[in-house]
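As structure tokens, the structure follows; a few thoughts come after it.
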Amino acid sequence: MLYPILVEYYVWFSLLLLGVTWFARQAKSTTRMNLMYGYGMIAVLGFLLGLDWVAGIIFGLIVLEAGRVFKAWLDKKESQLKK
């Protein structure tokens with residue numbers, strides 16, 4: 001069910017990945033720049049070569065980036081509770 005949606009909105013999910021990376025990696029600008037170049041390269045090559053399975057990779061990267069932000073938020077809340 002999810003796979004046809006990922007393939008249909010491939011470009012939008014790629015742009016979403018770049019946006020999430022932009023906001024999630026604000027602390028280190030060099031890491032953010034390198035990740036955005038890499039993610040952009042993956043998205044463009046997958047689109048130009050017609051590799052539909054790259055849509056799943058892009059979705060997985062979105063989940064990883066969002067999970068990183070969520071984990072940092074949870075760690076912050078945990079440290080507040082310990083005080």
Side-chain angles (χ1 to χ4, degrees):
M1 177 80 182
L2 181 63
Y3 185 73
I5 295 170
L6 291 175
V7 173
E8 177 110 12
Y9 298 107
Y10 182 87
V11 174
W12 291 109
F13 277 110
S14 299
L15 292 174
L16 178 65
L17 173 62
L18 294 176
V20 167
T21 304
W22 178 265
F23 290 109
R25 303 284 182 150
Q26 288 185 356
K28 296 182 181 177
S29 62
T30 55
T31 303
R32 178 177 60 185
M33 182 181 64
N34 291 337
L35 285 173
M36 289 189 66
Y37 283 144
Y39 294 164
M41 185 68 71
I42 291 170
V44 167
L45 286 176
F47 182 77
L48 291 178
L49 296 176
L51 303 173
D52 291 340
W53 53 268
V54 177
I57 292 174
I58 289 173
F59 183 74
L61 290 170
I62 291 171
V63 170
L64 287 175
E65 289 291 333
R68 182 181 176 277
V69 173
F70 184 64
K71 183 181 181 311
W73 179 75
L74 285 177
D75 290 343
K76 181 181 168 187
K77 290 294 181 185
E78 181 185 19
S79 68
Q80 288 177 352
L81 288 174
K82 287 184 178 179
K83 288 182 181 179

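Residue numbers start at 1 and run along the sequence shown.
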Membership question, hydrophobic clusters at under 4.5 Å side-chain separation (ILVMFWY): are [Y] and [X] in the same one?
X: F47; Y: L45; answer: no
X: L64; Y: L74; answer: no
X: V20; Y: V44; answer: yes
X: W22; Y: V63; answer: yes

Quick one: are [X] and [Y] in side-chain contact, heavy atoms under 4.5 Å?
X: I5; Y: E8; answer: no
X: R25; Y: M36; answer: no
X: M41; Y: Y37; answer: no
X: R32; Y: F23; answer: no

Inter-residue atom distance [X].[atom1] - [Y].[atom2], 0.5 Å rounding:
X: Y39; Y: N34; atom1: OH; atom2: CG; value: 11.0 Å
X: F13; Y: I62; atom1: CZ; atom2: CD1; value: 6.0 Å
X: I58; Y: Y9; atom1: CD1; atom2: OH; value: 16.0 Å
X: F70; Y: D75; atom1: CZ; atom2: CG; value: 10.5 Å
X: E78; Y: K71; atom1: CD; atom2: NZ; value: 8.5 Å

Between Y10 and A43, is there a donor-acceptor pair closer than 3.5 Å when you use the side chain of the first and the backbone of the second? yes
Measure across [X] and [Y] and return the closest heavy-atom pair with its distance rounded to 0.1 Å.
X: L17; Y: T21; answer: O-OG1, 2.8 Å
X: A24; Y: R68; answer: O-NH1, 3.2 Å
X: L18; Y: G40; answer: CD2-N, 4.1 Å
X: G46; Y: V54; answer: CA-CG2, 3.9 Å

